[in-house]
Amino acid sequence: MKHTMKFATAALVASSAFAGSAFAGSLSEPVVEPVMMEPVPVVNMGGEWTGFYTGLQLGYADADGPGALDGDNGSYGFHAGYNYDFGRFVAGAELDYDKTDIDLNNGAATVDSVARAKIKGGYDFGDYLIYATGGYAQADTSLGDEDGAFYGIGMTYRISESYSVGAELLEHRFSDIGGVSGNDLDATTFTVRGSLHF
């Protein structure tokens with residue numbers, strides 16, 4: 001009986017000491033492991049298209065008038081404008097001028113040039129800009145100056161910070177050519193363009 005009591009007492013003291021040391025250890029300050037932070041990827045907000053630009057263009061023009069007043073020819077000209085980049089959306093304005101010599105029905109009339117005042121809105125893909133455009137056009141013809149409207153699409157690729165190339169497809173509508181009601185002329189132009197950016 002005495003041996004049993006001594007054994008039980010010794011066991012109780014040992015377990016109390018073990019529990020006390022474990023409890024004391026649990027109160028110690030936790031060891032903080034350093035956490036490696038992964039770098040946050042930079043979101044591509046597109047390119048930088050804000051600024052003035054000017055350049056030259058070379059293209060093709062096809063005119064379709066009333067009756068047999070149809071014709072086509074090459075064209076060349078220049079442009080100048082300003083873009084503002086809002087992040088992904090780019091807005092701008094431009095003036096351009098194309099010289100051509102479209103013979104409508106073997107000399108019945110000619111189209112000598114087309115001048116345009118444009119507004120543009122597009123999406124910034126970084127080095128690429130895809131845009132829609134429209135505005136006012138004036139055609140210089142052998143029958144006089146004719147006012148009209150146009151709309152179209154274009155694409156510009158930024159080769160470097162100061163130079164870009166692109167292409168543009170435009171549809172024009174000139175009404176009452178020569179002052180004759182219903183005497184309308186439709187024209188399609190396609191140009192390739194090179195621009196310097198400032």
Side-chain angles (χ1 to χ4, degrees), residues 37-65 70-102 111-141 145-175 177 184-198:
M37 298 295 292
E38 292 291 330
V40 178
V42 178
V43 178
N44 179 13
M45 293 302 292
E48 180 49 63
W49 294 91
T50 298
F52 289 97
Y53 63 92
T54 186
L56 302 174
Q57 62 227 24
L58 183 66
Y60 171 80
D62 182 23
D64 182 14
D70 301 329
D72 58 80
N73 207 339
S75 65
Y76 59 93
F78 63 90
H79 57 270
Y82 180 83
N83 287 326
Y84 190 84
D85 195 331
F86 292 91
R88 284 297 190 183
F89 178 74
V90 178
E94 180 182 299
L95 298 174
D96 81 2
Y97 176 85
D98 279 330
K99 181 68 177 171
T100 188
D101 186 16
I102 302 174
V111 179
D112 301 316
S113 65
V114 179
R116 306 174 190 87
K118 302 177 179 178
I119 56 172
K120 300 164 60 178
Y123 192 80
D124 177 359
F125 289 94
D127 290 335
Y128 288 91
L129 174 64
I130 307 294
Y131 61 89
T133 184
Y136 167 79
Q138 184 180 69
D140 178 18
T141 76
D145 292 340
E146 307 295 342
D147 298 331
F150 73 92
Y151 63 91
I153 57 172
M155 184 276 293
T156 304
Y157 172 65
R158 199 76 173 257
I159 294 176
S160 67
E161 186 176 336
S162 58
Y163 188 69
S164 69
V165 294
E168 203 169 71
L169 178 65
L170 303 176
E171 292 288 339
H172 305 72
R173 175 80 168 183
F174 300 97
S175 300
I177 302 297
D184 300 335
L185 178 71
D186 297 322
T188 302
T189 61
F190 177 77
T191 57
V192 291
R193 299 152 51 98
S195 304
L196 286 172
H197 296 257
F198 305 96

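A quick note: this is a predicted structure, and the numbers were derived from the prediction, not measured.
- To the nearest 0.5 Å, atom CD1 of residue I159 and atom NE2 of residue H197 are 9.5 Å apart.
- Annotation: Y97, atom OH; neighbour count of heavy atoms from other residues, nucleotides and ligands within 6.0 Å is above 12.
- The aromatic ring centres of F52 and F198 sit 6.0 Å or more apart.
- Without hydrogens or angle criteria, D70 side chain to G65 main chain gives a donor-acceptor distance under 3.5 Å.
- Counting only distance, with no hydrogens or angles, the side chain of E168 and the backbone of L170 share no donor-acceptor pair below 3.5 Å.
- Heavy-atom minimum distance, T54 versus A80: OG1-CB, 3.8 Å.
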Could you go through F150 and E171, starting from their C-alpha distance and side-chain angles, then the distance that decides it, and tell me whether this counts as side-chain contact (heavy atoms from CB on, under 4.5 Å)? CA-CA 5 Å; F150 73 92; E171 292 288 339; over 6 Å; no

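- For K99 and D112, the salt-bridge test fails: no basic side-chain N is under 4.0 Å from an acidic carboxylate O.
- Between S75 and T100, the shortest heavy-atom contact is CB-CB, 4.1 Å.
- Using a 4.0 Å cut-off between a side-chain N of Lys or Arg and a carboxylate O of Asp or Glu, R116 and D96 qualify as a salt bridge.
- Judged by distance alone, with hydrogens and angles left aside, the side-chain atoms of D85 form a donor-acceptor pair with the main-chain N or O of W49 at under 3.5 Å.
- Looking at heavy atoms from C-beta onward, T191 lies in side-chain contact with D98 at the 4.5 angstrom threshold.
- For the pair G122 and L129, the tightest heavy-atom approach, listed with the atom from each and the gap, is C-CD1, 4.1 Å.
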Set out, in order, the CA-CA distance, both residues' side-chain angles and the distance that settles side-chain contact (heavy atoms from CB on, under 4.5 Å) for I130 and F125, then state yes or no. CA-CA 8 Å; I130 307 294; F125 289 94; 3.7 Å; yes

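- By the 6.0 Å contact criterion, OH on Y84 is open, its count of non-hydrogen atoms from other residues, nucleotides or ligands being 12 or less.
- With S164 contributing its side chain and T156 its backbone, the two residues share no donor-acceptor pair below 3.5 Å.
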Report the C-alpha distance between E161 and E48 in whole Å, list the side-chain angles of each, state the deciding distance to 0.1 Å, and finish with yes or no for side-chain contact (heavy atoms from CB on, under 4.5 Å). CA-CA 9 Å; E161 186 176 336; E48 180 49 63; over 6 Å; no

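- Counted by atom type alone, D127 and Y157 present zero donor-acceptor pairs between their side chains at under 3.5 Å.
- Contact annotation: the side chain of R88 approaches that of Y123 to within less than 4.5 Å [non-hydrogen atoms, C-beta and beyond].
- Judged by distance alone, the side chain of R193 and the main-chain N or O of H79 form no donor-acceptor pair under 3.5 Å.
- Counting heavy atoms from C-beta outward, D184 and F174 have side chains that stay 4.5 Å or more apart.
- In this structure, S160 OG and L196 CG are separated by 8.5 Å, a value rounded to the nearest 0.5 Å.
- For the residue pair L169 and T188, the shortest heavy atom distance occurs at CD1-CG2, 3.9 Å.
- Counting non-hydrogen atoms of other residues, nucleotides and ligands closer than 6.0 Å to OH of Y76 gives a total of 12 or fewer.
- Between A137 and H172, the closest heavy-atom pair is CB-CD2, 4.1 Å.
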Given the rule in the side-chain contact (heavy atoms from CB on, under 4.5 Å) test, do Y131 and I153 qualify, once you have shown the distances and angles that lead to the verdict? CA-CA 6 Å; Y131 61 89; I153 57 172; over 6 Å; no

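- With N73 contributing its side chain and D101 its backbone, the two residues share a donor-acceptor pair below 3.5 Å.
- Heavy atoms only, all atoms of each residue included: D124 and G87 are closest at OD2-O, 3.4 Å.
- Residue-environment remark: CD1 (I119) stays at or below the threshold of 12 foreign heavy atoms within 6.0 Å.
- No side-chain donor-acceptor contact under 3.5 Å links Y82 and E94.
- A distance of 4.5 Å separates CG in D145 from CD in Q138, rounded to the nearest 0.5 Å.
- Note that CG of D62 and CD1 of I102 are 7.5 Å apart. Values are rounded to the nearest 0.5 Å.
- Note that the CZ atom of R173 and the CG atom of D186 stand 4.5 Å from one another [nearest 0.5 Å].
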List the steps and the verdict of ring pair (Phe, Tyr, Trp, His ring centres under 6.0 Å) for Y60 and F190. CA-CA 5 Å; Y60 171 80; F190 177 77; 9.0 Å; no

